[in-house]
Amino acid sequence: MTEFLLATAGVILLTVAVGLVRILSGPGDADRLMAAQLIGTGGIGSLLLIAAATGARGVEDVALGLALLAAFASAAFVNSAAPAEAPDVADGR
Amino acid sequence: MSLVVDLFSIVAIGAGVFFFLAGTVGLLRFPDALSRLHALTKADNLGLGLVVLGLLPRSDSLLAALKLVAIWALVQLASATAAQLVGRAVRCKGTAV
Amino acid sequence: MTSATLAGLIGAALVGLGLYGLIANPQPLRKILAFNLMGSGVFLVFGIVARKGAAAGLQADPVPQAMVITGIVVAFAASALAVALVLRLFEAAGRATLDPDAWAKPPDGGAGAE
Amino acid sequence: MSVLQALDIGLAFLVFAVAAWTIFARGAFAATVGYVVYGLLLALVWIRLFAVDVALTEAAIGSGVTGVLLIGAAARLRAAETASDEKPLSGLTRVFAAALCVLVALALASVVLLLPDQGPSLAPLSMQKLPETGLGNPVTAVLIAYRAFDTMLEKVVLVLAVVGVWSLAADRYWGGAPGEARAASPEPTLAFLAQILAPLGVLVGIHVFWVGADEPGGAFQGGAILAAMWIIVMMARLTEAPQANAFWLRLALVAGPLVFLAAGAAGAIFAGNFFAYPPGFAKPAILFIEAFMVLSIAVTLPMLVAGPPRREPRQ
């Protein structure tokens, strides 16, 4: 079972790596921001699997911290891209 | 009993990995940023949910199990919000593309 | 090769990579990034010392771990100060370059003096 | 080769590749996003080294808070990048620099390879004295008891960093608030996220601090999570950054090192040595000090991210 957990963690990391190659190259900043999202989800998944396999204690808290901070990159981007004096970005709908 | 648990974990985590794979395939194949965003946030979150589901019976305490569920819920929230924010950045061309 | 040794080797490679970025990247923000990379490489080398000091029922020596924790926090404080300096330079002068020759020319565009 | 080894090697390659991306990427923004990814991968490596306390710190500070700082800076410096008048290094200098860096990396790598399998360790000593502190987590014991003086000085460094950042303010802004004013209508999506995330994050932060006595966690990690929650609330413009001359803010900034120093001095009087804790009373003393450290860290990190004051102080 341990082997299975580790192997799945590896496969998830691999898919994340392949996704990162595609996403980090752009073309736009939006694509690049998705990289933070991709590694957030995939990284937490493989973190939990590795922890379950190796029996490291207290790893749930690390994953919890990562999950809390998963949206921070996008939030920081939106926050600094749209300064306060700019008109509120309309939805265009 | 432990065989049943193992089988459950293998099926759930295996399905989770499949969705991670599907998400990456979507990233590679979809032509524009918005549909890539769609593939990424939907498929990967389902994948993480299934991985968490598979790990649930293996956690050693109720608190640990609750934490696992909380992790998944928080990632859901973060992904949904980030997808909204990034999607909006794609739409208003001034800041992206 | 153990996973600890592997992490140590990655640490060594990161120090080299960060040092190169620090020298070769002209923009100050990129230099800050490179410096952080170098720092985390050093932390990883610390990490292998901790892992190889596993004893007394512990899986890693706590003393290097504690030093890395304080190190990460101090590295963040230093980066924040550096970023603030770069942003202030940009705000005050309309550009953020470390190239002394560039300052001889008048600025072309940018935020302008405050 | 076992599955674990394969995973370790794959992880190592991934870390190295993302690190190389942050150095060689074309745009500063792309590089900073790479750095956020790198921070998260590093947390995975720390888990593999069984240093969960460090992984927690790396996750909260290395990836999360540093990410906000760098992405914000990259977005603001975009204009500087397009109007860049730097000339890149000449080819020859580049080759020399690369050679130097390869040499440094090789020297470090050989040191790593020459380390004995069972290195020198302070682990037995820290475990031996652990019962006297009343703690169960030796890393916390090192931070707050065995090497308390170090940690106290490190808190002073944080305060000095805030003073350094604040001192970059223009004269007329001295004592004012950093960042933009509170928006009349905050960005709705971000506000939604912040309103749900902040209460949960405060809970998690306090939990991480509290379990830090016995399990992985502690004042730095808990404080950093609390700090992140204040940062997200400020980013959503639900609240604005406080004025730098606010008395409560300054008190909160120095409370950690001040209480720590006072406890150290009290140790000299009551326990016979500077930074000694009286026997049987060590754990309450440590938790008391840590609580103020959490407060100071939770206030210091957002102030460092917010930057120097940019508005005139209100009287």
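From a predicted model like this one, the values you see are computed outputs, not experimental measurements. Chain A is the first sequence line, chain B the second, and so forth, proteins listed ahead of strands; every chain is numbered from 1.
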Residues C:E91, D:R76: salt bridge by 4.0 Å N-O rule = no
Heavy-atom donor-acceptor pair, C:N25 side chain to C:Q27 backbone, under 3.5 Å | no
Proximity breakdown for D:P308 and chain C, heavy-atom pairs closer than 4.5 Å | side chain
Go through the atoms of C:V83 and report whether side chain, backbone, both or neither lie under 4.5 Å from a heavy atom of chain D.
-> side chain
Measure from the ring center of D:F24 to the ring center of C:Y20 and say whether it is less than 6.0 Å.
-> yes
Contacting moiety of C:V68, where chain D heavy atoms sit under 4.5 Å | side chain
Most contact-rich option vs chain D, by heavy-atom pairs under 4.5 angstrom, among C:L22, C:I23, C:L17, C:V15, is C:L17
Using a 3.5 Å cut-off and no angle test, enumerate the donor-acceptor pairs between side-chain atoms of residues 33-50 of chain C and protein atoms at least two apart in sequence or in another chain.
unit_1	atom_1	unit_2	atom_2	d
C:N36	OD1	C:S79	OG	3.3
C:N36	ND2	C:I32	O	3.3
C:N36	ND2	C:S79	OG	3.0
C:S40	OG	C:N36	O	3.3
C:S40	OG	C:L37	O	2.8
C:S40	OG	D:Y38	OH	2.5

Pairs meeting criterion salt bridge (charged side-chain N to carboxylate O under 4.0 Å, His left out) with involvement of residues 44-56 of chain C, two or more places apart = C:K52-D:D117
Go through the atoms of D:Q221 and report whether side chain, backbone, both or neither lie under 4.5 Å from a heavy atom of chain C.
-> side chain
Proximal component of C:L85, with respect to chain D [non-hydrogen, under 4.5 Å] | both
Below 4.5 Å from any heavy atom of chain D, which atoms of C:V73 appear? Answer side chain, backbone, both or neither.
-> both
Heavy-atom pair count under 4.5 Å with chain C, highest-scoring of D:L108, D:V104, D:L69 = D:L69
Non-hydrogen atoms of chain D under 4.5 Å away: do they reach the side chain of C:I10, the backbone, both or neither?
-> side chain
